[in-house]
2 protein chains.
Amino acid sequence: MVGHPGHTNGIELAVSTVIFALRPREGFDSSLLSLPLVRRTRGPFKGRWALPGGWASPDESLVATASRNLLETTGMKSTYLEQLYAFGDIARSPTGRVVSIVYWALVRPEQAVEAEESENVQWFPADDLPELAFDHNLIVEYALWRLRTKMEYSRIALAFLGETFTLTELRHVYEAVLQKSLDPANFRRQVESSKAIVRTDDHVTGGRHRPPRLYRYNASVELTDSGPLSHHQI
Amino acid sequence: MVGHPGHTNGIELAVSTVIFALRPREGFDSSLLSLPLVRRTRGPFKGRWALPGGWASPDESLVATASRNLLETTGMKSTYLEQLYAFGDIARSPTGRVVSIVYWALVRPEQAVEAEESENVQWFPADDLPELAFDHNLIVEYALWRLRTKMEYSRIALAFLGETFTLTELRHVYEAVLQKSLDPANFRRQVESSKAIVRTDDHVTGGRHRPPRLYRYNASVELTDSGPLSHHQI
DNA sequence: CCAAAAGTGTTCGTACTACACCCATGC
DNA sequence: GCATGGGTGTAGTACGAACACTTTTGG
């Protein structure tokens, strides 16, 4: 399978990342599922918005490239980073053949604030994007689908939150991503019986109602089951 | 994101495929989940068994390369072909940096027969492999995990079977892949209510028992939900 | 008739849903 | 006290597991 170099001349290898965060909306008390995009300063698609990314590097693993890119272009560190898909259509770039390994990431609100908006970096609502460069609209659509699908059977929602949180905050994560409201009583029972979170003895005071209990992420439970690829970071 | 060529010099791009089929075992009446491997005739890992694959080509989509490779090296056409993962560890090939886009495929028994065994192509039980070249043991492990996971919530089992089949045959597919026995009565009800299959008026005669009804795959139901990537073949 | 596999019925337990209700706090 | 969200109880329903039972063929 491995021969002399030069076989894949003519194929460029890129790494991009779809970054999700829940950002508070002014005037609303619910958060909005958002993602940061960068404006292209060079052709093709100059001036269009695109996913943050860059070229793969020979001496860096794919996931490391994704992680580094995320930090360099947005200043954020993610709490969850997973490979999404390798997009390899022949005509997806007008300048030649480009295969993009796309990752998707979840970041906490405090990290999302770090990504200061500039003329060339801006947050967009995940469900209402402009026309992006390349096939990036399709990529985001697929990432959104994966996020919502995975939300139903895994614990990735916790990656949106900080160290401690109330059950209502956790429920709001589900509601913001899945875009439907959940019964607080049933939600509480489901998530409490799952053992993915543990009660603390702390409560949040200050609200003009009964102080809610704080919970903590149970580190001994994986956010998601990746089978044999768990703990591998390939 | 796309600039002048040469950025990814030093990274080779390969496409490999994990091919699953259920093959009858001599002396047993149940089938065995198997996959074909090719013997490496060149270094590195010369003489070791490896997944069928080849280099990506600039004028061919990734899935087309996988499909063509499958046909060329084993003579088979698959009924199901899906991208598995992009493996990009730095040290996965001793000769230099190689990123492999890996696909996984399901083939029908009649196709599996086409893959005649030779000195350099041979079928192996999926759960009992020798030490393979590169990181291919990990890749197969992951493919197996995906197959078994997906078996539980999708209809891919149908990709192992021909045009028509009995419910017992379908149940045997599940039992062979998941390695556990299922209650025939409950299995029947579950699968009949799923609308993924339709009854025909034909029955299988010849057995010395009540002739089982033949069913047919309902083409209007997708084997699996790929979200926005359905019908895209990227 | 008997054996064997196809196919049906019934019961039980679990898990999710909907919604009524009580609790603890600030004002 | 009242309003507000936190938190508990409970009845209804849907679905899967287990298993008894009936049906249809070949010999």
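So that the names make sense, note that chain A is the first sequence line, chain B the second, and so on, each numbered from 1.
Distances were taken from every side-chain heavy atom of B:Pro212 (C-beta onward) to each of D:dG7, C:dT17, C:dA6; the shortest belongs to C:dA6.
Distance NE2 (A:His203) to C1' (D:dG5): 15 Å, rounded to an integer number of Å. Atom CZ of B:Arg188 and atom C1' of C:dG9 are 13 Å apart (whole Å). Taking atom CG of B:Leu214 as the reference point, atom P of C:dA6 lies 12 Å away to the nearest angstrom. We find that CD of A:Glu152 is positioned 13 Å from C1' of C:dC16, with the value rounded to whole Å. Computed from coordinates, the A:Glu192 CD to D:dG7 P distance equals 8 Å when rounded to whole Å. Note: CZ (B:Arg213) to C1' (C:dT8) measures 14 Å, nearest angstrom. Atom CD in A:Gln190 sits roughly 17 Å away from atom P in D:dG7 (whole-Å rounding).
For A:Glu222, there are no salt bridge (Lys or Arg N to Asp or Glu O under 4.0 Å) partners, not counting sequence neighbours. A search for side chain to side chain donor-acceptor pair (under 3.5 Å) contacts involving A:Thr205 returns nothing, not counting sequence neighbours. Annotation: side chain to side chain donor-acceptor pair (under 3.5 Å) contacts of A:Tyr217 (sequence neighbours excluded): none. A search for side-chain contact (heavy atoms from CB on, under 4.5 Å) contacts involving A:Arg108 returns A:Thr79, A:Glu110, A:Glu163, not counting sequence neighbours. B:Leu32 meets the side-chain contact (heavy atoms from CB on, under 4.5 Å) test with B:Arg25, B:Ser34, B:Pro125; sequence neighbours excluded. By the side chain to side chain donor-acceptor pair (under 3.5 Å) test, A:Arg148 pairs with A:Asp127, A:Gln179, sequence neighbours left out. For B:Thr200, the side-chain contact (heavy atoms from CB on, under 4.5 Å) partners at least two apart in sequence or on another chain are B:Asp202, B:Leu214, B:Arg216.
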- [ ] If a protein heavy atom is under 4.0 Å from the base, mark B; if only from the sugar-phosphate, S; if neither, -; do that for nucleotides 18-27 of chain C going 5' to 3'.
- [x] BB---BBBS-
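Here the two rings, on A:Phe187 and A:Tyr174, have centers that are under 6.0 Å apart.
Evaluation of the ring pair (Phe, Tyr, Trp, His ring centres under 6.0 Å) test over residues 144-163 of chain A, restricted to residues two or more places apart or in two chains, returns A:Tyr142-A:Trp145.
Contacts of residues 163-179 of chain A with DNA chain D (heavy atom under 4.0 Å): A:Thr168.
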Open item on the list: Dot-bracket for DNA chain C, please. Rules: Watson-Crick or G-U, both distances under 3.5 Å, ( ) within the strand, [ ] when a pair crosses earlier ones, | for another strand, . otherwise.
Closed with: |||||||||||||||||||||||||||
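Under the 4.0 Å criterion applied to side-chain N and carboxylate O atoms, B:Glu175 and B:Lys180 are not assigned as salt-bridge partners.
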Validation: residues 64-71 of chain B side-chain donor-acceptor distances under 3.5 Å, sequence neighbours left out:
{"from": "B:Thr65", "atom 1": "OG1", "to": "B:Glu60", "atom 2": "OE1", "distance (Å)": "2.9"}
{"from": "B:Thr65", "atom 1": "OG1", "to": "B:Ser61", "atom 2": "O", "distance (Å)": "3.1"}
{"from": "B:Arg68", "atom 1": "NE", "to": "B:Glu60", "atom 2": "OE1", "distance (Å)": "3.3"}
{"from": "B:Arg68", "atom 1": "NE", "to": "B:Glu60", "atom 2": "OE2", "distance (Å)": "2.6"}
{"from": "B:Arg68", "atom 1": "NH1", "to": "B:Glu72", "atom 2": "OE1", "distance (Å)": "3.2"}
{"from": "B:Arg68", "atom 1": "NH1", "to": "B:Glu72", "atom 2": "OE2", "distance (Å)": "3.4"}
{"from": "B:Arg68", "atom 1": "NH2", "to": "B:Glu60", "atom 2": "OE1", "distance (Å)": "2.9"}

